[in-house]
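The block underneath contains the structure these notes are about, expressed in structure tokens.
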Amino acid sequence: MKKILITGANGMLATAIKNALSGCEVYAFSSQELDITCSQSLHKNIATILPDYIINCAAYTAVDLAETEEEKAFKINALAVEKMAQIAEQYRATLIHFSTDYVFDGNVSKPYAVDHPTRPVNIYGASKLAGEKAITQVNAKHYIFRISWLYAPYGKNFFNWIAETDLEELSIVNTQTGSPTSALDVADFMNHLIHNDPKNYGTYHFTNQGEMTWYAFAKAINQKLDLNKTINPVATFKTAAKRPTYSAMDCKKTEQVFNYLTPSISDGLDRVVARYKS
Ligand SMILES: NC(=O)C1=CN([C@@H]2O[C@H](COP(=O)(O)OP(=O)(O)OC[C@H]3O[C@@H](n4cnc5c(N)ncnc54)[C@H](OP(=O)(O)O)[C@@H]3O)[C@@H](O)[C@H]2O)C=CC1
Ligand SMILES: Cc1cn([C@H]2C[C@H](O)[C@@H](COP(=O)(O)OP(=O)(O)O[C@H]3O[C@@H](C)C(=O)[C@@H](O)[C@H]3O)O2)c(=O)[nH]c1=O
């Protein structure tokens, strides 16, 4: 049975992955149990468990706060990740890591190819890009999956915010387009990968298929959950961090290499809605 070590185990994606993995021995560590910025703790746990795969779900994900916490964001998203890649290589574990659509600047109008030049427009994106580069340089057996606009029926995310807020009227930007992606679908893909690993290491894109604005996504959530809120489109919404205006990503390489059909945005949302209601 394959041994899987998961970091950041109480986060949104890790929760989905823990639920989706089947036929594996899973060792999941919360931030309290394993702080990835502590290289001794990383080393000790990896050396003891000798995992086949390390799935790194630990990250600094506060996009706006990162603008004033640059050092912390880089420490978690880049420096700790570099160390993790070195230890993974030392113990021959395959490192699975997640990056973001926010490594791109948004100045395009068709989905980003994996090898399109990166140019983050905020600190969070820059810290995630530094993490990608560190892993690539260490050159351990690794997969980096850029995912985007992640949501689930739990955790802190756009879907849950719309579902839970008491506000009856929301103003949501219709000037940013991307691919809302269900954490449940990313998690299913992880289970597929672990049981069907082509060992074709490198960087990939994985999102639900299609693209929409945050406004359109809010309207879809409102409708599917029968929330009856008023959702107004706005051109700007003031935030500390700049966000790319367009960040859909081309996932063809992933579909081909892993022989995997990624679900549509609509199917992804239906499944999260069903889980949320149950
Ligand atoms: N959410 C999104 O929309 C997207 C996310 N991603 C990427 O996907 C991955 C998973 O994100 P998601 O599940 O949403 O993130 P979450 O913020 O839900 O979870 C991240 C987890 O990492 C933990 N963590 C933070 N610092 C450390 C540390 N030093 N050591 C160990 N654990 C730590 C947090 O613990 P605690 O809460 O205790 O600090 C939290 O449980 C990340 O790499 C993220 O960059 C990519 C694109 C979109
Ligand atoms: C609260 C609010 C936000 N917005 C806008 C702000 C922003 O442009 C957009 C989404 O805001 P959020 O803060 O929920 O999402 P954001 O933190 O930008 O989400 C990102 O998280 C990181 C971790 C990623 O890697 C990205 O892929 C992406 O998912 O909605 C409104 O238009 N109206 C509102 O009332």
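All ligand and atom numbering here is 1-based and tracks the order in the structure.
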Classify the side-chain pair Y143/D197 by whether it contains a donor and acceptor separated by less than 3.5 Å. yes
Within the 6.0 Å centroid threshold, strictly below: F158 and F217: yes
Given N232, T175, N174, V173, which has its nearest heavy atom closest to atom 32 (O) of ligand 2? V173
Residue, atom and distance of the protein heavy atom nearest atom 23 (C) of ligand 2 read Y124 OH, 3.3 Å
For ligand 2, which atoms sit closer than 4.0 Å to a heavy atom of T100? 24 (C), 25 (O), 26 (C), 27 (O)
What part of F237, side chain, backbone, both or neither, has a heavy atom within less than 4.0 angstrom of ligand 2? side chain
Quick one: ring pair (Phe, Tyr, Trp, His ring centres under 6.0 Å) pairs with a partner in residues 162-191, sequence neighbours left out? F145-F189, F189-F206, F189-F258, F189-Y260
T61 neighbourhood, listing ligand 2 atoms whose heavy-atom distance to it stays under 4.0 Å: 23 (C)
Would you check if I4 and I55 make a side-chain contact, meaning some heavy-atom pair closer than 4.5 Å? yes
Residue pair N191 / H195, side-chain donor-acceptor N/O under 3.5 Å: yes
How does I172 reach ligand 2, by side chain, by backbone, by both or by neither, if only non-hydrogen atoms under 4.0 Å count? both
Are S264 and Q209 close enough that a side-chain donor and a side-chain acceptor fall under 3.5 Å? no
Structural part of D101 in contact with ligand 2, heavy atom criterion under 4.0 angstrom: side chain
Check ligand 1 for close polar pairs with the protein: N or O on both sides, less than 3.5 Å.
from     : atom 1 : to   : atom 2 : distance (Å)
ligand 1 : 3 (O)  : L150 : N      : 3.0
ligand 1 : 13 (O) : M12  : N      : 3.3
ligand 1 : 13 (O) : L13  : N      : 2.8
ligand 1 : 17 (O) : T61  : OG1    : 2.7
ligand 1 : 18 (O) : M12  : N      : 2.9
ligand 1 : 22 (O) : A59  : N      : 3.2
ligand 1 : 29 (N) : D35  : OD1    : 2.9
ligand 1 : 30 (N) : I36  : N      : 2.9
ligand 1 : 35 (O) : S31  : OG     : 3.4
ligand 1 : 38 (O) : S31  : OG     : 2.6
ligand 1 : 41 (O) : G11  : N      : 3.2
ligand 1 : 43 (O) : F98  : O      : 3.3
ligand 1 : 43 (O) : K128 : NZ     : 2.7
ligand 1 : 45 (O) : Y124 : OH     : 2.7
ligand 1 : 45 (O) : K128 : NZ     : 2.9

Is it true that the side chains of E67 and Y124 contain a donor and an acceptor less than 3.5 Å apart? no
Give me the residue, atom name and distance of the protein heavy atom closest to atom 11 (O) of ligand 2. R243 NE, 4.4 Å
Contact partition for S247 relative to ligand 2, non-hydrogen atoms under 4.0 Å: neither
Got a second to check how far K229's NZ is from E169's CD, nearest 0.5 Å? 11.0 Å
Got Y60 and K72 here, is their nearest side-chain heavy-atom distance under 4.5 Å? yes
Counting only heavy atoms, which portion of Y215 has something under 4.0 Å from ligand 2: side chain, backbone, both, or neither? neither
Mind checking whether K128 contacts ligand 2 via backbone (N, CA, C, O), side chain (CB onward), both or neither, at a 4.0 Å heavy-atom cut-off? neither
Near S148 (heavy-atom distance under 4.0 Å), the atoms of ligand 2 are 27 (O)
Evaluate the ring planes of F104 and Y112, with Trp represented by its six-membered ring, and classify them as parallel (under 30°), tilted (30 to 60°) or perpendicular (over 60°). parallel
Would a line drawn from the ring center of Y276 to the ring center of F159 be shorter than 6.0 Å? yes
